[in-house]
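This report refers to the structure that appears directly beneath it.
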Amino acid sequence: MFKRKAKEKKIKTPRFQTFRDAYAVTKQVKPWIGIALVAIFLVTLSIGVGIGFAVDHPVYFGFIFTPLSFLAALLFFTRVAGRAAYSSIEGQMGAGASVLMAIRKGWTTTPAVAVSRNQDMVHRSVGRAGIVLTGEGSPSTLRQLLQDEHKKTERFAPGVPVIEVIVGDGEGQVSLRKLQKHLQKQPKKLTAHQMREVRARLKAVGGLSMPIPKGPMPTRAPKIR
């Protein structure tokens, strides 16, 4: 008789670890975040207690506004943390890849499918809209790199829409903060089955046409649904 394999123990992540990590990143970019959160909590709670005194029920309204105060502080923190996360990776090599790979559903990204000697790079994302080639680096040298990868992609996935995007703040470029939404706003051109076929075909082809330059990739950007 074959013995059953022992079940692997699940690694439990510490509670609130994600929040602590986000707070640590935000603290580096926005040192005042702690004071701001406490202030928002106290101001919101004070408003509730003030209303309570006005209607002669301060304890009741204080009890009601305590969770509302936490919620107000949390909503503020979420917005600031998102901006801080982008600020912490802007200008770093591979920042665009980290933003693309943070999209939760609908897209699969292969980072650095093409890299130049000047460390310009192209990332390939596949979704219902087709194939998106996202370039990072100098626009003058990226054009040729994107064109070469565009032709290569069309060779292995004929008939599939290929969209080119350059990350930046210049005219015709897409900023790092808007990159996720830009992809998700693209009109759907493929069925789910066709998308899976394209992913499988490109996966078989492989990714890198040149080695990835040495250096750490930045932390992933905030995920969106």
Check your understanding: Looking at CD of Gln147 and NZ of Lys152, how far apart are the two atoms once the value is rounded to the nearest 0.5 Å?
Key -> 15.5 Å
Study note, to complete from the structure: The reported gap from CD1 in Ile166 to CG in Leu145 (rounded to nearest 0.5 angstrom) is 10.0 Å
Check your understanding: Between OG1 of Thr26 and CD of Gln28, what distance do you get to the nearest 0.5 Å?
Key -> 9.0 Å
Exercise for review: Only counting residues at least two apart or in another chain, list the ones meeting side-chain hydrogen bond (donor to acceptor under 3.5 Å, both in side chains) with Ser69.
Suggested key: none
Review point. Is there a side-chain contact (heavy atoms from CB on, under 4.5 Å) between Trp107 and Met101 once you walk through the steps?
Key: CA-CA 8 Å; Trp107 291 90; Met101 293 172 71; over 6 Å; no
Point to revise | His193 backbone acceptor or donor facing Glu197 side chain under 3.5 Å | key: no
Review point. Applying the side chain to side chain contact (heavy atoms under 4.5 Å, CB included) test to Thr110, which of Arg124, Lys203, Arg199 qualifies?
Key: Arg124
Practice item. Following the transitive rule for hydrophobic clusters with a side-chain heavy-atom cut-off under 4.5 Å over Ile, Leu, Val, Met, Phe, Trp and Tyr, establish whether Val99 and Ile163 coincide in one cluster. Key: yes
Review point. Where do Met121 and Ala112 come nearest, in terms of heavy atoms and distance?
Key: SD-CB, 4.5 Å
Point to revise | Shared hydrophobic cluster, Leu74 / Tyr23 (ILVMFWY, side-chain heavy atoms < 4.5 Å) | key: yes
Between side-chain atoms of residues 126-142 and protein atoms elsewhere (two or more places apart, or another chain), which donor-acceptor pairs fall under 3.5 Å?
from: Arg128; atom 1: NE; to: Leu190; atom 2: O; distance (Å): 2.4
from: Arg128; atom 1: NH2; to: Leu190; atom 2: O; distance (Å): 3.4
from: Glu136; atom 1: OE1; to: Ala95; atom 2: N; distance (Å): 3.4
from: Glu136; atom 1: OE1; to: Gly96; atom 2: N; distance (Å): 2.8
from: Glu136; atom 1: OE2; to: Gly96; atom 2: N; distance (Å): 3.1
from: Glu136; atom 1: OE2; to: His123; atom 2: NE2; distance (Å): 2.6
from: Ser138; atom 1: OG; to: Ser140; atom 2: OG; distance (Å): 3.0
from: Thr141; atom 1: OG1; to: Asp120; atom 2: OD2; distance (Å): 2.4
from: Thr141; atom 1: OG1; to: Ser138; atom 2: O; distance (Å): 3.2

Review point. Restricting to pairs with a member in residues 162-178, which pass side-chain hydrogen bond (donor to acceptor under 3.5 Å, both in side chains), not counting sequence neighbours?
Key: Ser87-Arg177, Glu90-Arg177, His150-Glu164
Point to revise | Check: Ser116 side chain, Asn118 main-chain N or O, donor-acceptor pair, under 3.5 Å | key: yes
**Study point:** Under 4.5 Å side-chain linkage, directly or through intermediates, the cluster mates of Leu75
**Key:** Leu71
Practice item. Please name the pair of heavy atoms, one in Pro58 and one in Asp56, separated by the smallest distance, quoted to 0.1 Å. Key: CD-C, 3.5 Å
Practice item. List in chain and number order the residues that pass side-chain hydrogen bond (donor to acceptor under 3.5 Å, both in side chains) with Thr44, two or more places apart in sequence or in another chain; answer none if no residue qualifies. Key: none
Practice item. Find out if a path of hydrophobic residues (ILVMFWY) with successive side-chain heavy-atom gaps under 4.5 Å connects Leu176 to Val29. Key: no
Point to revise | From Lys181 atom NZ to Ile103 atom CD1, the distance as rounded to the nearest 0.5 Å | key: 12.0 Å
Review point. For the atom pair OG1 (Thr153) and CZ (Arg201), what is the distance rounded to the nearest 0.5 Å?
Key: 12.0 Å
Exercise for review: Sequence neighbours left out, what passes side-chain hydrogen bond (donor to acceptor under 3.5 Å, both in side chains) with Asp148? Give chain and number order.
Suggested key: Gln144
Review point. Taking only residues two or more places apart in sequence, or in another chain, which ones meet Ile47 in a side-chain contact (heavy atoms from CB on, under 4.5 Å)?
Key: Val43, Ile51
Study note, to complete from the structure: The reported gap from CG in Leu45 to CD1 in Ile64 (rounded to nearest 0.5 angstrom) is 12.0 Å
Exercise for review: List, by chain and then residue number, the residues other than Val59 in its hydrophobic cluster (Ile/Leu/Val/Met/Phe/Trp/Tyr, side-chain heavy atoms under 4.5 Å); write none if there are no others.
Suggested key: none
Point to revise | Residue list, ring pair (Phe, Tyr, Trp, His ring centres under 6.0 Å) with Phe63, at least two apart or on another chain | key: none
Check your understanding: For residues 31-60, which residue pairs qualify under ring pair (Phe, Tyr, Trp, His ring centres under 6.0 Å), counting only residues two or more places apart or in two chains?
Key -> Phe41-Phe70
Revision key, fill the gap. Applying ring pair (Phe, Tyr, Trp, His ring centres under 6.0 Å) to Phe61 and not counting sequence neighbours gives none
Practice item. Check whether any side-chain N or O of Glu149 sits under 3.5 Å from a backbone N or O of Leu146 as a donor-acceptor pair, and report yes or no. Key: no
Practice item. For residues Val80 and Ile33, determine if any side-chain heavy atom of one lies less than 4.5 Å from a side-chain heavy atom of the other. Key: yes
Study note, to complete from the structure: Minimal heavy-atom distance between Pro31 and Lys27, with the atoms involved, is O-NZ, 3.1 Å
**Study point:** Audit row: Leu100, Gln180, side-chain contact (heavy atoms from CB on, under 4.5 Å) steps and yes/no
**Key:** CA-CA 6 Å; Leu100 293 170; Gln180 291 181 341; over 6 Å; no
Check your understanding: Is any side-chain heavy atom of Val198 less than 4.5 Å from a side-chain heavy atom of Phe156?
Key -> no
Revision key, fill the gap. Phe65 meets the ring pair (Phe, Tyr, Trp, His ring centres under 6.0 Å) criterion, sequence neighbours left out, with none
